[in-house]
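The block underneath contains the structure these notes are about, expressed in structure tokens.
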Amino acid sequence: MNAPQDPGSVGAVIAQKAHFDEPLKLRSGATLPGFELAYETYGEINAARSNAVLVCHALNASHHVAGYYRGQESELGWWDNMVGPGKPLDTNRFFVVGVNNLGGCHGSTGPMSVNPATGKPWGGDFPVVTVEDWVEAQVRLADHLGIERFAAVMGGSLGAMQAVQWTLSYPERIRHSLVIASTPKLSAQNIAFNEVARQAITTDPDFHGGHYYDKGVVPVRGLRIARMIGHITYLSDEAMMGKFGRQLRRAALGFDFEIDFEVESYLRHQGDKFSTYFDANTYLRITKALDYFDPAADYGGDLTKALERARAAFLVVSFKSDWRFAPTRSREMVRALLDNRRIVSYLELDAPGGHDAFLLEDPRYFAALRAYFENIDL
Amino acid sequence: MTEAEHALFAARPDLAAIARWVAPGASVLDLGCGDGALLKYLWEARKAAGYGVEIDDAEVIACIRNDVSVLQLDLESGLATFRDHSFDCVILSETLQTIHRIEQLMREMLRVGRQAIVSFPNFGHWSARLQVMLGRMPVSKTLPHDWYNTPNVHLCTVTDFEDLCRKLGVKIRERAVLHEGRPVSLLPNLLGSLAVYRCEGR
């Protein structure tokens, strides 16, 4: 597909930056003296300023949700199939905002930014940020853009946790929350996978406690392994088998430790690619944000009580082949919302893509989201 | 009543009977809710709000299109998502006959709802009896499927259903047996093609 001619594409986009001088107190107790957020917008805000939709990203994505940058026409935004003119989240109708989260490595203030106290990159000193902190930063962006209330906040996986947190931190500022392929908290197994990824990074000799920028090195090995582990959890067994099977990369088994199977080659490729564009310090922090998310924790583990404050209508979507955040986790959310008599619809789709299914085009998934957005009054 | 509601009740006369039994403002759970037409009607006509449960992808999407809250869950695995007595009314309209574990679902309905409303095609209707007597599985307006492609697995008669209610200790509070949309009072198990019950637990 040639993106520039695609009538469903938002076309060429330009990333913007918003600067916030007022210090931001973080959940950890630390304070950021000020910060910048990189963001993009698509579509036009209406006169009533009632058509804004915030799209929150998950682990490795960014504010570049849709369209392309001039000169990089093949690098489409990470949810370009979802967002655009005539797409499920229709930019002819909605004003869509994508934002790179605090602590990120795509333009927002993060470990690679300069710490004003030292004049050097924050590196390992950048504080651990949480989903709550992200929402606090996002609300400043909303103020900056003159958005009093979002028509919807949506996300998949970690992005969906932000869509949930919005309904708790700012119940009056969000009308609809779209919670896709997510969970109200990570399981021990989920945390375990994150910990292996973190260990891979922090034990890389090039990590230097997170202060590797001025040493001119990158903990590439650690990042590669972290990404490979992550990738396995994003795909279902079935999807992996379908994609690679036991197909060999070379003519016959090598009886050595080079690549035998296609799947090995794929994982190495993903790992290599990732380590060229993603920052290890950011990766560590994002996995912590995942681990720490647990809105019920302050309510003795009672999710129903935790969601009492929410006023938004919810659309919860899960995918049967997603074993990372399985449908049972989404059903916990649904149950707690039902207890509170919130408006909620729940889709449990029999899609094969695993956790990554939320990024893939599926006619039922897209039809449901399209229908949902069409019913949002502006 | 709007034109759409007229059309709905003409196509599904049991829904008119069900709607009459739902009190204004009641909380409703509609199991096997299809495209959500009944819930939409109950909200618009009676301000009775609730949720639909549906397994079919296309129907779930139709519910969302109809702005009806729908939960894509399998009724066969029970109603674990719902708490005890969390709804005034749990509806199972023309779905009973497609359920494998009917006893479990009946118990679950009355655990979750203060009352249950159930409708089903009456297999005891004379036309069904006649077709079976002539050596064929019945096909009719209320039983439109051929035997080889029917979603129905547990067809029953008015008498059968009442026996089951007795066995489960379910109290039948009201009954409407219909044919061609009209109530049948004489020999309902023979002359009625569609039965609707309002039940309560012990």
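Below, read A as the first sequence line, B as the second, and so on, with proteins coming before strands; counting in each chain starts at 1.
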Q. For the atom pair CZ (A/Arg370) and CD1 (B/Ile64), what is the distance rounded to the nearest 0.5 Å?
A. 13.5 Å

Q) Is atom CG of A/Asp237 surrounded by more than 12 heavy atoms (other residues, nucleotides or ligands) closer than 6.0 Å? A) no

Q. Is it the case that more than 12 heavy atoms not belonging to A/Trp323 sit under 6.0 Å from its CH2 atom?
A. yes

Q. Quick one: of A/Leu315, A/Val334, A/Leu347, who has the most non-hydrogen atom pairs under 4.5 Å with chain B?
A. A/Leu347

Q) Near A/Lys305 NZ, under 6.0 Å, is it more than 12 heavy atoms from other residues, nucleotides or ligands? A) no

Q.
Can you give me the closest heavy-atom contact between B/Thr81 and A/Arg335, atom names plus distance?
A. O-CG, 3.3 Å

Q | Nearest heavy atoms of B/Tyr51 and A/Arg342, plus distance in Å | A | OH-O, 2.6 Å

Q.
So for atom NZ, which belongs to B/Lys47, do other residues, nucleotides or ligands contribute more than 12 heavy atoms lying within a distance under 6.0 Å?
A. yes

(Q) Given heavy-atom pairs under 4.5 angstrom as the criterion, report whether the side chain, backbone, both or neither of A/Asp350 touches chain B. (A) neither

Q: Work out which heavy atom in B/Ser69 is nearest to a heavy atom in A/Ile343; give both atom names and the distance.
A: OG-CG2, 3.6 Å

**Q.** Considering all heavy atoms, the nearest B/Arg83-A/Thr304 contact
**A.** NH2-OG1, 3.8 Å

(Q) Around atom CD of B/Glu200, are there more than 12 heavy atoms from other residues, nucleotides or ligands closer than 6.0 Å? (A) yes

(Q) Would you say that more than 12 heavy atoms from the other residues, nucleotides or ligands in this model lie under 6.0 Å from the NZ of B/Lys171, or not? (A) yes

(Q) Restricting to non-hydrogen atoms, name the atom on B/Arg65 and the atom on A/Asn375 that form the minimum distance, rounded to 0.1 Å. (A) O-ND2, 3.0 Å

(Q) Can you give me the closest heavy-atom contact between A/Ala371 and B/Ile61, atom names plus distance? (A) CB-O, 4.4 Å

**Q.** chain A interface, residue from B/Val53, B/Val60, B/Asp57, B/Val70 that has the most non-hydrogen pairs under 4.5 Å
**A.** B/Val70

Q. Which distance, rounded to the nearest 0.5 Å, do you find between the OH of A/Tyr372 and the CG of B/Asp67?
A. 8.5 Å

Q | Region of B/Ala80 that comes under 4.5 Å of a non-hydrogen atom in chain A | A | backbone

(Q) Can you see whether B/Phe87 has A/Arg341 sitting over its ring - NZ or CZ less than 6.0 Å from the centre and within 45° of the normal? (A) yes

Q. For the side-chain contact (heavy atoms from CB on, under 4.5 Å) test, which of B/Leu73, B/Leu71, B/Ile55 pairs with A/Glu348?
A. B/Leu73

